[in-house]
S.K.: 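Take a look at the following structure, please.
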Amino acid sequence: MFPFNFEWIWDMSHVVFMGGLWYALTILGIGLTYCIIKAAIDTIKGKDGHHH
Amino acid sequence: MKKENKHSKFKKYGMVIDLDKCTGCGSCMVACMAENNVPFKQDESDKLLSITWLRLFRLTNDKPFPETDVCYLPRPCMHCEGHGGHSPCVSVCPSTATDYSKDTGIVSQIYTRCFGCRYCMASCPYKARYFNWWDPVWPDGMEKYLSPKVSPRMRGVVEKCSFCYHRYQQARDKAYMQGKPDIEESDYQTACAQACPSGAITFGDLNDAKHAVYQLKKDPHAFRLLERLGTNPKVYYVSSREWVRRAGDNYLKDEGRLKKAVH
Amino acid sequence: MDSALIPKGVKRCPLWQFALFIGAVGVVLAWGVYAMLLCWFKGLNQTNMNDYYGFALWIWADLAVIAIGGGAFFTGLCRYIFGKDELKSIINYAVLIGFICYSSALLILAIDIGQPLRGWFIFWHANVHSMLTEVAFCLTCYFGVLTIEYIPLLLENRQVDRVPFFHHLGHNMHEIMALFAATGAFLSFFHQGSLGGVAGVLFGRPFAFREGLYIWPWTFFLFTWSAAACGPCFTILVTKITEKATRKKLVKDNAIELLAKISGWMILTYSIAKTADTWYWATVTAPSKGLTWDFFYSNNPLYGKWILFTEIILCGFVPAFILVTKKGRKNVPALWIAVTLAVIGVSLNRWVMVLQVMAVPVMTFDYWAMYFPSWQEIATTILPVAYGVIMIAFSHRYLPVFPHEAELNPVEPLPSDEEQLAAAVEEMVDVEQELKPAEA
């Protein structure tokens, strides 16, 4: 899973597979963080969010 | 087929089992269980729940008397090489708990790494892999007689024949202490090969011309189980009987002739 | 009593009735949980699996719930990426069903492994060449996506929504839902496929083995395809069952019809591909291993040629033809039959690709092995169904799962207690906005 796990080899399979995984996790992580931070800012600003 | 290197630095341990010599006595199974601390239960009548690293199959030619013929076939793990170490079970294990050693050709099983998904069992056409459905329970006092060289397995993991790998490790240690560059054929023998009273099982390095198996596997009557699947097993069988050789693989009706074992 | 939690503008059954229903389903759930605990504490000897059946009912259940849970990613893909706005009416429910299916799959997997405490090894010591590793990674990630998609719905509960932070959070998550949906579709493509790969790569098992493209056997693509095709049918089926149970119309017809139409074409093309795959396997792959195709369907008490007919024709082409025709999908009984057949078909396919693979002997002197699950296996397989029913019941009661429910079932709010009176006053302030159903 991580390069420091002893079964890790820097080969194409690991780069592609784990690359895909970390890419997906990064997108989800950034997306979620953005939502939370923006929600906090909106709340502090007292923005009226009643518009779906 | 690549030309074999007679002095290959890689070993390829394997077996040649002469089915004409096998009497079906079961000594190999007993030796295997004792050597490898294979657990057993009080009731072993359900063979689908019994752990038998080496299992004896009874084959018959399905002919009426007086042509009835029976053959006993011991089946250890085949330690498949597949193509380039791509054995059926090694490639599927999700947690790298089973490994194909390019140094010895042995397929290992790391019990403490296995989490019991049983995908390897599903992949093995020889059904050589067994699951520990229960924790081992030894009869009173028997734990003192367990082999200290082999770790007993816990509930929930898969196990299988290791070609008595601990004996290989011991032989290596011994050779090192004696200052020998390599181990001899007699230094590393599996428990089943040693226990067979009729000498049906021969074990050794298939790559080493000095080892008996090197010649035996070239017998014109040698074959391997299910070669057509591409598993590339390292256990060879020899039988002078055509029907036995034919039972080693699946053939379509019109496929009259047997294919010879690939060396 | 719980009226403050119930979405505005919709009618729900009295609380005692709801509690009685949850209690009844809860008994089944408790039975499943008991069996689950038995498996965890006593081990897999509680099952009827054996060394010939290392993969059995649970793996089938996993494959099947993930296939029928495929409605979530495919509906999400159509809604957010291809912009099919009609699906707005059903997308929340598709997400909820997907969430239930995937959480169930993870739970079953956790029961199914011999050493549950080592489950994390699949991530930590990952063998990237194993299809099961790919399944575990994508499945877990996609479950994360479904959770992210389900959270905004939770945040829309009337009381939760009153908290400004949650209100903004839900709103922001809606804004970038396309991003999550796209990631979900990417992950789904791979894990649905790898589940097909699980069987397809078994070159030691000629019944399962398939050639393919690069590292992916044909089953990889067939599984993704069939999940995308039949998953929406399960979404429709559950929607229809929910409508029957609540005696209400919950989703607009155009959403159902569009989903049915897309599903129909997907099933049709899938069935053609499946036929081609079976044909190639029967005439090329199996004979190359020295086996005729009918060998796999004879000399045993269960697995006969009826499977091929049932899976490909009865549960493949038949529902496909019903759903691709306008008449077929507009006819209510025909729609019911079609979606039910499609769900049975995909589940049967998964059964065959797991259980039949284990049953077939490979060595010439081996034998067909039959298996019947133990009650513990059955109970733990029913457990997710009970859990799903409870999840749906709670979500439907307290969350605006169906954005068009109020519109389809107009009710006059009768403020009976103080809480509702206050709510009614609140409503007067912004009637227009409040009655407008939340979109997910």
Side-chain angles (χ1 to χ4, degrees), chain B residues 46-52 57-60 73 75 80 82 86-97 112-127 129-135 154-158 225-226 228-231 246-253 255, chain C residues 42-47 49-56 59 109 112-136 198-199 201-206 208-209 286-292 295 354 357-358 361-366 369 371:
Chain B
D46 186 349
K47 290 297 155 202
L48 296 180
L49 295 171
S50 289
I51 300 181
T52 44
F57 282 90
R58 183 176 176 274
L59 280 61
T60 155
L73 185 141
R75 186 244 44 209
C80 304
H86 184 76
S87 51
C89 53
V90 169
S91 50
V92 300
C93 174
S95 62
T96 336
T112 47
R113 177 76 72 77
C114 172
F115 64 87
C117 75
R118 306 179 300 285
Y119 192 13
C120 55
M121 292 168 69
S123 76
C124 178
Y126 307 104
K127 296 171 183 167
R129 289 178 160 271
Y130 294 89
F131 188 71
N132 283 273
W133 302 99
W134 287 267
D135 264 322
M154 64 296 283
R155 183 181 87 195
V157 302
V158 172
L225 289 182
L226 304 173
R228 304 182 76 168
L229 299 179
T231 49
R246 203 174 163 87
D249 216 328
N250 293 294
Y251 297 96
L252 298 174
K253 268 193 191 130
E255 288 178 312
Chain C
K42 292 194 167 184
L44 297 186
N45 49 53
Q46 298 295 302
T47 70
M49 287 193 277
N50 54 49
D51 291 324
Y52 275 27
Y53 269 98
F55 275 9
I59 295 287
L109 276 179
D112 197 5
I113 55 179
Q115 285 281 338
L117 295 177
R118 294 182 192 167
W120 55 283
F121 285 11
I122 200 167
F123 304 106
W124 198 259
H125 299 298
N127 168 18
V128 295
H129 303 285
S130 171
M131 283 290 168
L132 213 54
T133 308
E134 198 172 319
V135 169
V198 164
V201 297
L202 301 178
F203 64 93
R205 299 280 191 162
F209 178 68
S288 76
K289 317 286 179 201
L291 294 155
T292 53
F295 162 77
V354 177
V357 172
M358 299 295 111
V362 189
M363 291 186 290
T364 57
F365 43 87
D366 215 343
Y371 145 93

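Naming: A, B, ... by sequence-line order, numbering from 1 per chain.
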S.K.: Check whether B/Thr60 gets within reach of chain C through its side chain, its backbone, both or neither, counting any heavy atom under 4.5 Å.
M.R.: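 B/Thr60 has no heavy atom closer than 4.5 Å to chain C.
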S.K.: Looking at every heavy atom in both B/Arg113 and C/His125, which two are closest together, and how far apart are they?
M.R.: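 The answer is CD-CD2, 3.3 Å.
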S.K.: Please give me the minimum heavy-atom distance between C/Phe203 and B/Leu229, naming the atom from each residue.
M.R.: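 That would be CD1-O, 3.5 Å.
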S.K.: Would you check, one step at a time, whether the test side-chain contact (heavy atoms from CB on, under 4.5 Å) holds for C/Val135 with B/Tyr119?
M.R.: CA-CA 13 Å; C/Val135 169; B/Tyr119 192 13; over 6 Å; no
S.K.: Pick one of side chain, backbone, both or neither for C/Leu202, based on which atoms fall under 4.5 Å of a heavy atom in chain B.
M.R.: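 It is the side chain, since no backbone atom gets that close.
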S.K.: Are the side chains of C/Asn127 and B/Ser95 in touch, meaning some heavy atoms are under 4.5 Å apart?
M.R.: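 Side-chain contact under 4.5 Å: no.
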S.K.: What pair of heavy atoms forms the shortest contact from B/Pro125 to C/Gly204, and how long is it?
M.R.: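 B/Pro125 and C/Gly204 have their closest heavy atoms at CB-O, 3.0 Å.
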S.K.: Apply salt bridge (charged side-chain N to carboxylate O under 4.0 Å, His left out) to residues B/Arg118 and C/Asp112 and explain how you reach the verdict.
M.R.: CA-CA 9 Å; B/Arg118 306 179 300 285; C/Asp112 197 5; 2.4 Å; yes
S.K.: So, does B/Tyr251 use its side chain to make a donor-acceptor pair with the main chain of C/Lys289 at under 3.5 Å?
M.R.: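 Here the side-chain-to-backbone pair does not exist.
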S.K.: Say whether, by atom type as modelled, one donor and one acceptor occur between the side chain of B/Arg155 and the main chain of C/Gly114 under 3.5 angstrom.
M.R.: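 Not at all, since once roles are kept as given, no pair shorter than 3.5 Å links the two residues.
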S.K.: C/Val128 versus chain B, heavy atoms under 4.5 Å apart: side chain, backbone, both or neither?
M.R.: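 Neither; nothing under 4.5 Å.
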S.K.: So, do B/Leu49 and C/Tyr52 sit near enough that their side-chain heavy atoms are less than 4.5 Å apart?
M.R.: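 They are not in side-chain contact.
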S.K.: Any luck finding a side-chain donor-acceptor pair between B/Trp133 and C/Asp51 under 3.5 Å?
M.R.: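 Checked: B/Trp133/C/Asp51 side chains pair up, N/O donor to acceptor below 3.5 Å.
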S.K.: From C/Ser288 OG over to B/Leu252 CG, what is the distance, rounded to the nearest 0.5 angstrom?
M.R.: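 Taking OG in C/Ser288 and CG in B/Leu252, the distance rounds to 9.0 Å.
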S.K.: Which value, rounded to the nearest 0.5 Å, describes the distance between B/Lys127 atom NZ and C/Met363 atom CE?
M.R.: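 B/Lys127 atom NZ to C/Met363 atom CE measures 6.5 Å (nearest 0.5 Å).
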S.K.: Please state whether the side chain, the backbone, both or neither of C/Thr47 comes within less than 4.5 Å of a heavy atom of chain B.
M.R.: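 Side chain of C/Thr47 only, per the 4.5 Å heavy-atom cut-off to chain B.
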S.K.: What is the minimum heavy-atom distance between B/Phe115 and C/Phe121, and which atoms define it?
M.R.: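 That closest heavy-atom pairing would be CD2-CB, 4.0 Å.
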